[in-house]
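As the structure is a computational prediction, the values presented were derived from the model and not from experiment.
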Amino acid sequence: MSSMRLSWLAVPVLNTLFQFFVKHGAEQLGDATGAGWLWQALASHWILAAIAVEIACFFIWMNVLSELDLSRAFPLSGISYVLIIATGWLVFGEPVVGLQVIGSGLILTGVWLIAGASREATSGDDWHEKRGSLRPHSGEDR
């Protein structure tokens, strides 16, 4: 598996890990309020881990965006929703209802369809070459 594909997978996995850490941190904070809440949050290992994961995810996401079109990269983040529902159920014992399962299936189907459409658009003859580009031409092209 190429390093770019590992980067693609890292984004939803890190987003899920971020939510996992934030959930643990929120449970640890309990009823703290005001400035005490902020100091407790900054002292929480869970919250600090969440911040570190989010920073790592940011840099990986920048790398993914430098290599892919936004319309191909962004749907990958939708996988996070499915992973978070599964994590809530597996780790925290949260209930999963039928509509969540259906929604998760629709999200995964949508990501699959968008990925397929992206592959179709990049294979074969370039649509823009056949019909003209939708992007403005620079002076050098005229």
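- The only option from Val111, Leu106, Thr16, Leu108 that meets the side-chain contact (heavy atoms from CB on, under 4.5 Å) definition with Val82 turns out to be Leu108.
- Linking ILVMFWY side-chain heavy atoms closer than 4.5 Å, directly or via other members, places Phe74 and Leu65 in a single hydrophobic cluster.
- Residue Cys57 comes nearest to Val11 through the heavy atom pair SG-O, 3.9 Å, listed as atom of the first residue, atom of the second, then distance.
- In this structure, Leu90 is a member of the same hydrophobic cluster as Val101, with clusters built from ILVMFWY side-chain heavy atoms closer than 4.5 Å.
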TODO: Test Phe21 against Ile47 for side-chain contact (heavy atoms from CB on, under 4.5 Å), laying out the working first.
DONE: CA-CA 6 Å; Phe21 289 154; Ile47 301 298; over 6 Å; no

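- Listed for the Glu67 side chain is no donor-acceptor partner under 3.5 Å among the backbone atoms of Val64.
- Leu14 is connected to Val22 through a chain of hydrophobic side-chain contacts under 4.5 Å among Ile, Leu, Val, Met, Phe, Trp and Tyr, so both are in one cluster.
- For the atom pair CG (Leu9) and CG (Leu83), the distance works out to 9.5 Å, reported to the nearest 0.5 Å.
- Taking the six-membered ring where tryptophan is involved, the planes of Trp46 and His24 are essentially parallel, since the angle between them stays under 30° and well short of 60°.
- Residue Ser80 holds its OG atom at 11.0 Å from CD1 of Ile85, rounded to the nearest 0.5 Å.
- Of the inter-residue distances, the one linking Trp37 atom CH2 with Ser44 atom OG reads 10.5 Å to the nearest 0.5 angstrom.
- Closest approach of Ile107 to Gly78, counting heavy atoms only: CG2-O, 3.3 Å.
- Remark: Ser104 OG to Tyr81 OH distance equals 11.5 Å, nearest 0.5 Å.
- Residues Ile114 and Ser71 share a closest heavy-atom pair of CG2-O, 3.8 Å.
- One finds the CD1 atom of Ile84 at 12.0 Å from the CD atom of Gln100 (value rounded to the nearest 0.5 Å).
- Taking Leu76 as the reference, Trp8, Ile79 meet the side chain to side chain contact (heavy atoms under 4.5 Å, CB included) condition, with sequence neighbours excluded.
- Lys23 is not listed as a side-chain neighbour of Gln28, based on a closest heavy-atom distance of 4.5 Å or more.
- Nearest heavy-atom pair, Val91 versus Phe20, reported as atom, atom and distance to 0.1 Å: CG1-CE1, 3.3 Å.
- At a threshold of 4.5 Å between side-chain heavy atoms, the hydrophobic network of Ile, Leu, Val, Met, Phe, Trp and Tyr places Val97 and Trp89 in two separate groups.
- At most 12 heavy atoms of other shown residues, nucleotides or ligands fall within 6.0 angstrom of atom CG in Leu99.
- The structure places CD of Glu54 at 8.0 Å from CD of Gln19, a figure rounded to the nearest 0.5 Å.
- Grouping the Ile, Leu, Val, Met, Phe, Trp and Tyr side chains by contacts below 4.5 angstrom, directly or via other members, places Ile51 with Met62.
- Between Asn63 and Ser66, the closest heavy-atom pair is O-OG, 2.7 Å.
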